[in-house]
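Following: one structure in structure tokens, then a few remarks.
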Amino acid sequence: MSDNEFEYGGSGAEDGTWEDEGDFAEYEGDFSDLEAEAAEAAAKLPTVAIVGRPNVGKSTLVNRILGRREAVVEDIPGVTRDRISYEANWAGRRFLVQDTGGWEPDAKGMQQSIAQQAEIAMRTADAVVVVVDATVGATATDEAVARVLRRSKTPVILAANKVDDQRTEAEAASLWSMGLGEPHTISAVHGRGTGDLLDVILQALPETPREGTGGSGPRRIALIGKPNVGKSSLLNKLTGENRSVVDNVAGTTVDPVDSLVELAGHTYKVIDTAGLRKKVNQASGHEFYASLRTKGAIEAAEVAIVLIDASQPITEQDLRVLSMVIESGRALVIAYNKWDLVDEDRRYQLEKEIDRELVQIPWALRVNISAQTGRALQKLVPAIETSLESWDKRIPTGRLNNWLREVMAATPPPLRGGKLPKVLFATQAATRPPTFVLFSSGFLEAGYRRFLERKLREEFGFEGSPVRVNVRVREKRAKK
């Protein structure tokens with residue numbers, strides 16, 4: 001395994017050391033300037049929700065807005081099941097784009113859950129984009145969505161998608177009848193008209209998000225692991241029913257399976273996912289799309305329980321699954337399953353494997369369980385709650401800077417080019433996961449960055465959560 005396998009703290013991060021405030025004058029800007037930059041980094045972003053009936057191109061539009069493939073897209077309706085938020089940037093303005101499942105007014109079962117997620121997005125977003133298939137026109141479902149949104153005080157923007165030529169653009173004019181204002185014609189696939197749509201979105205978004213943005217509901221847990229590690233068995237044991245199909249043949253689960261589970265008096269949304277293959281490009285057909293949906297489930301979750309077969313040696317496949325969760329920035333619990341099959345010799349070997357293979361993630365909480373027998377499942381809840389608490393934790397700026405001053409005075413970083421880098425100011429820019437920004441005068445070695453993170457964890461905890469450290473390097477003012 002390479003040294004960079006678990007480089008989850010963000011590549012290219014740079015740190016420095018403390019100096020007295022008198023040295024601030026040597027750098028462009030002053031202390032208040034740094035605070036302003038920190039406030040900008042920590043600012044909450046307004047949210048635009050993309051809603052509409054299934055298979056009208058919502059996820060394709062999200063990918064077009066992001067400028068990269070993030071949301072899973074497939075011709076089969078219903079691929080997107082949950083609200084998933086992504087950070088976007090247009091014309092220098094940052095905001096969140098929230099992809100949602102297709103909304104059906106009379107949905108039942110799983111479709112009803114999807115509809116509820118879409119409705120939450122509509123209630124909590126700062127602006128809503130309704131996507132309609134212009135080649136089909138306004139359906140009864142589109143009209144139902146419009147009736148709900150016409151009563152909303154949230155700005156609503158109508159996007160007529162799949163407009164690839166002038167003929168379809170003329171047909172899109174009929175969508176004025178929905179009562180949502182001008183239909184903005186776009187082609188999410190080809191990018192036609194999406195720039196103009198983004199300009200309209202920015203005009204509708206407030207400078208700061210309104211209270212309540214983001215919604216609430218059960219905390220979301222994803223069960224992740226390689227095939228046949230016991231994810232479905234664990235979900236069935238937690239729910240007390242056969243919610244997921246269990247078979248000794250690897251790959252039984254293809255689609256993510258959602259269940260509301262009450263654990264220790266708290267309700268959680270638990271998602272059973274398909275087993276992740278060694279590499280996505282080794283899968284084909286439905287297995288390929290199952291692996292993409294699993295990635296989407298990780299993004300939609302708040303905490304991931306990674307199951308590892310304790311009775312077998314830790315594999316490269318297990319490490320890839322862990323890397324995927326860490327890179328996503330989700331809270332993490334490692335559940336060593338099938339503990340009923342582990343003897344003394346295997347326990348000794350497993351500890352050696354953990355020390356060797358997982359040395360860079362000592363902060364991950366570990367629980368030894370048996371999904372088959374129910375052994376120690378009650379220990380999962382404290383681990384989940386601790387991980388989520390760490391994931392949500394925020395350190396006050398004053399306390400953070402006082403701590404950093406002491407640490408860097410006691411252990412300065414290595415010199416670079418005969419000069420000692422300086423850190424002028426530090427702040428926690430975000431939670432979920434905890435993200436810190438250091439304003440520095442120069443580059444810091446990777447080893448010292450890891451040292452800072454270790455000391456940060458020793459002081460403030462963050463058990464079960466990744467921590468990200470970003471640095472903004474400020475150039476010294478040229479002497480006149």
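Heavy-atom basis, side chains included; hydrogens, waters and symmetry copies ignored. Residue numbers run from 1 in the order of the sequence given.
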Whether Asp126 side chain and Thr47 backbone form a donor-acceptor pair below 3.5 Å: yes
Electrostatic pair Arg356:Glu353 at N-O distance under 4.0 angstrom: no
Phe425 side chain reached by Asn401 side chain, heavy atoms, under 4.5 Å: yes
Quick one: do Arg432 and Glu302 make a salt bridge, cutoff under 4.0 Å? yes
Between Arg457 and Glu453, is there a side-chain N and carboxylate O pair less than 4.0 Å apart? yes
Ionic contact status for Glu316 with Arg320, cut-off 4.0 Å: yes
Short side-chain to backbone donor-acceptor contact, Arg219 and Leu388, under 3.5 Å: no
If we ignore hydrogens and angles and just use 3.5 Å, is the side chain of Asp318 paired with the main-chain N or O of Ile314 as donor and acceptor? no
Please say whether more than 12 non-hydrogen atoms of neighbouring residues, nucleotides or ligands are located less than 6.0 Å from NZ in Lys379. no
Is a salt bridge present between Arg93 and Asp199, judged by a nitrogen-to-oxygen distance below 4.0 Å? no
Quick one, Val48 and Val128 - any side-chain contact, counting heavy atoms below 4.5 Å? no
Check the angle between the aromatic planes of Phe436 and Phe462 and answer parallel, tilted or perpendicular using the 30° and 60° thresholds. perpendicular
Contact summary for Pro413 and Leu420, nearest pair of heavy atoms: O-CD1, 3.6 Å
Salt-bridge present (Arg366, Glu351; N to O < 4.0 Å): yes
Compare all side-chain heavy atoms of Leu438 with those of Val469 and state whether any distance is below 4.5 angstrom. yes
Tell me if the CD atom of Glu463 is crowded by more than 12 foreign heavy atoms within 6.0 Å. no
Contact between Pro218 and His266 at the side-chain level, heavy atoms closer than 4.5 Å - yes or no? no
If only atom types and distance count, is the side chain of Asp392 paired as donor or acceptor with the main-chain N or O of Thr431 below 3.5 Å? no
State whether the side chain of Arg94 and the backbone N or O of Ala88 hold a donor-acceptor pair below 3.5 Å, judged by distance alone. no
Would you check, one step at a time, whether the test side-chain contact (heavy atoms from CB on, under 4.5 Å) holds for Val407 with Leu452? CA-CA 8 Å; Val407 169; Leu452 279 182; 4.2 Å; yes
Near-ring test Trp90/Phe95, centroid separation under 6.0 angstrom: no
